[in-house]
Protein chains: 2
Amino acid sequence: MIEVGDEAALCCPSLTSAPLDEGAATSLSGVLGALADPVRLRLLSIVASHQEVCSCDLEAPLGKSQPTISHHTKVLAEAGLLVSEKRGRWVWWRVDESRLAEVRRALGG
Amino acid sequence: MIEVGDEAALCCPSLTSAPLDEGAATSLSGVLGALADPVRLRLLSIVASHQEVCSCDLEAPLGKSQPTISHHTKVLAEAGLLVSEKRGRWVWWRVDESRLAEVRRALGG
DNA sequence: CCATCGCATTGACATATGTCGATACGTAAG
DNA sequence: CTTACGTATCGACATATGTCAATGCGATGG
C-alpha cells in the first residue's frame with residue numbers, strides 16, 4: 001500500500017528569499033497544516049524515533065481511538081511526511097526524511 | 001508596540017530525535033498553525049523580502065480586507081514570527097528570523 | 001467456510017478558523 | 001477641537017477540522 005501525497009513539491013522558493021506566489025503558498029500551507037496538530041507531531045516523532053511503527057502501536061501512546069489514529073496517519077501520508085507499507089494485516093509507517101527536509105528548506109533553511 | 005508571543009520556546013527537542021511530550025507538541029503545533037495558511041505565508045514572505053513593511057502595504061498584494069490583514073499579522077505576531085513597531089499611525093512589521101530558525105530546528109534541522 | 005483481527009470509511013458532532021462589514025480607538029493635521 | 005486616517009476589535013457567517021461510535025473491508029487462521 002502506497003499513499004500518494006496530494007501536495008506538490010516544495011523544492012524551489014524559500015519563504016525568506018522572495019515573495020511566495022499563491023500556488024507555492026497553498027502547497028506549503030498544506031504540508032504545514034498536516035504538521036500543525038499536537039497529535040500528529042507526537043505521532044510523527046514516535047515513528048521517527050522507532051524507524052518503523054505499526055498502526056496498532058500508536059493508539060496507546062497517543063491516547064486516541066483507532067479511527068482517529070487512522071485519520072491522522074492518512075493526513076500525514078497525504079502530505080508526503082509518512083510512508084506506509086502493508087505486511088500481512090498490519091500497516092507499518094516510516095517518516096520520509098527528505099520531505100521534512102523540504103519543509104525546513106521552504107522555511108528558509 | 002510590542003506583540004508578545006504566547007508560544008513557549010521551541011528550543012530543545014527535535015521532532016526526529018525523540019518522542020515529543022504533549023507540551024512540546026502543543027507549542028510547536030501552535031507556531032506551525034500560524035504558518036499553515038497561504039495568506040500568512042505570503043504575508044511573511046513579503047515582509048521578509050522587504051525587511052520592513054507597513055500594514056497598509058499588505059492589503060493590495062494579498063487581496064484581503066484591512067481587518068483580515070490585521071487578524072493575520074496578529075496571529076503571526078502571537079506566534080513570535082513577526083515583530084511590530086508603531087511609528088506615528090503606521091505599524092511596521094519585520095520577521096523574527098531566529099524564531100523561524102527555531103521552527104526549522106524543531107522540525108529536525 | 002467462518003470467525004477474528006487490523007485498518008479504513010462513514011456519519012455525526014463540537015470546536016476552530018478565515019473572512020468581512022461595522023465600529024471603536026489613537027494619532028496626526030488643520 | 002475637529003477631522004481624517006491607519007489600525008484594532010467585534011459580531012456574524014461559512015467552512016474546515018479533530019474526535020469517536022458504528023460499520024465496512026481484507027487478510028489470516030481455525
Side-chain angles (χ1 to χ4, degrees), chain A residues 1-4 6-7 22 25-44 47 52-79 81-94, chain B residues 1-4 6-7 22 25-44 47 52-79 81-94:
Chain A
M1 172 210 276
I2 299 182
E3 300 281 342
V4 178
D6 58 359
E7 306 292 345
E22 210 159 326
T26 299
S27 109
L28 179 53
S29 75
V31 188
L32 291 170
L35 288 167
D37 178 271
V39 175
R40 285 196 289 269
L41 285 176
R42 290 172 57 210
L43 195 163
L44 208 59
V47 175
E52 275 187 333
V53 171
C54 171
S55 289
C56 57
D57 290 327
L58 290 169
E59 295 181 38
L62 293 174
K64 299 292 172 183
S65 70
Q66 179 271 320
T68 298
I69 299 298
S70 181
H71 165 67
H72 286 308
T73 51
K74 181 179 184 179
V75 170
L76 288 168
E78 285 177 345
L81 294 161
L82 276 189
V83 177
S84 69
E85 185 182 343
K86 186 158 189 175
R87 297 186 199 148
R89 7 181 215 200
W90 294 272
V91 177
W92 292 83
W93 299 96
R94 60 178 182 78
Chain B
M1 172 211 274
I2 298 181
E3 300 280 344
V4 178
D6 59 359
E7 304 294 344
E22 209 159 327
T26 299
S27 111
L28 179 53
S29 75
V31 189
L32 291 171
L35 288 167
D37 177 273
V39 175
R40 286 197 288 270
L41 284 176
R42 291 172 57 211
L43 196 163
L44 208 60
V47 175
E52 274 187 333
V53 170
C54 171
S55 288
C56 55
D57 291 326
L58 290 170
E59 296 181 38
L62 294 174
K64 298 294 174 184
S65 71
Q66 179 270 320
T68 298
I69 299 297
S70 181
H71 165 68
H72 286 308
T73 51
K74 181 179 184 179
V75 170
L76 288 168
E78 286 177 347
L81 293 161
L82 277 187
V83 177
S84 69
E85 185 181 342
K86 187 159 190 176
R87 298 184 198 150
R89 6 182 216 198
W90 292 272
V91 177
W92 292 82
W93 298 95
R94 62 179 179 78

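In what follows, every chain begins at residue 1, and chains take the letters A, B, ... in the order their sequences are listed.
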*Is it true that atom CD of Glu22(A) has more than 12 heavy atoms of other residues, nucleotides or ligands lying nearer than 6.0 Å?*
no

*May I ask you to check whether over 12 heavy atoms, not counting those of Glu52(A), lie within 6.0 Å of atom CD?*
yes

*CG/Leu43(A) to CG/Leu81(A) distance, rounded to the nearest 0.5 angstrom?*
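Result: 11.0 Å between the selected atoms.
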
*From NZ (Lys64(A)) to OG (Ser70(A)), nearest 0.5 Å*: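 Reported to 0.5 Å precision, the distance equals 15.0 Å.
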
How close or far is atom [atom2] of [N] from atom [atom1] of [X], stated in whole angstroms?
{"X": "Glu59(B)", "N": "dT7(D)", "atom1": "CD", "atom2": "P", "value": "8 Å"}
{"X": "Gln66(A)", "N": "dC25(D)", "atom1": "CD", "atom2": "P", "value": "15 Å"}
{"X": "Asp37(B)", "N": "dT17(D)", "atom1": "CG", "atom2": "P", "value": "11 Å"}
{"X": "Trp90(A)", "N": "dA27(D)", "atom1": "CH2", "atom2": "P", "value": "14 Å"}
{"X": "Leu32(A)", "N": "dT17(D)", "atom1": "CG", "atom2": "P", "value": "13 Å"}
{"X": "Trp93(A)", "N": "dG6(C)", "atom1": "CH2", "atom2": "C1'", "value": "13 Å"}
{"X": "Lys64(A)", "N": "dG18(D)", "atom1": "NZ", "atom2": "P", "value": "11 Å"}
{"X": "Arg40(A)", "N": "dT17(D)", "atom1": "CZ", "atom2": "P", "value": "9 Å"}

*Take Arg89(A) and Thr68(A), find for each the nucleotide of DNA chain D with the closest heavy atom, and name the residue whose nucleotide sits nearer the 5' end.*
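Per heavy-atom nearest nucleotide, the more 5' residue is Thr68(A).
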
*If you pin His71(B) and Arg87(A) to their nearest nucleotides in DNA chain D, which one's is more 5'?*
His71(B)

_With a 3.5 Å distance limit and no angle check, can you tell me whether Arg40(B) reaches the backbone of Ala34(B) through a side-chain donor-acceptor pair?_
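Yes, Arg40(B) side chain to Ala34(B) backbone: donor-acceptor pair under 3.5 Å.
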
*Give one of base, sugar-phosphate or nothing for Ser55(B), where a contact means two heavy atoms less than 4.0 Å apart.*
sugar-phosphate

*NA contact type, His72(A), heavy-atom cut-off 4.0 Å: base, sugar-phosphate, or nothing?*
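The answer is sugar-phosphate, as His72(A) gets under 4.0 Å only of primed atoms, P, OP1 or OP2.
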
*Should Lys74(A) be listed as having a side-chain N or O under 4.0 Å from OP1 or OP2 of dC7(C)?*
no

*Taking only N and O in the side chain of Lys86(A), is any of them less than 4.0 Å away from OP1 or OP2 of dC7(C)?*
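Looking at the OP1 and OP2 atoms of dC7(C), neither is under 4.0 Å from any side-chain N or O of Lys86(A).
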
*Name the closest nucleotide to the Ser70(A) side chain, picking from dT9(D), dG6(D), dT9(C).*
dT9(C)

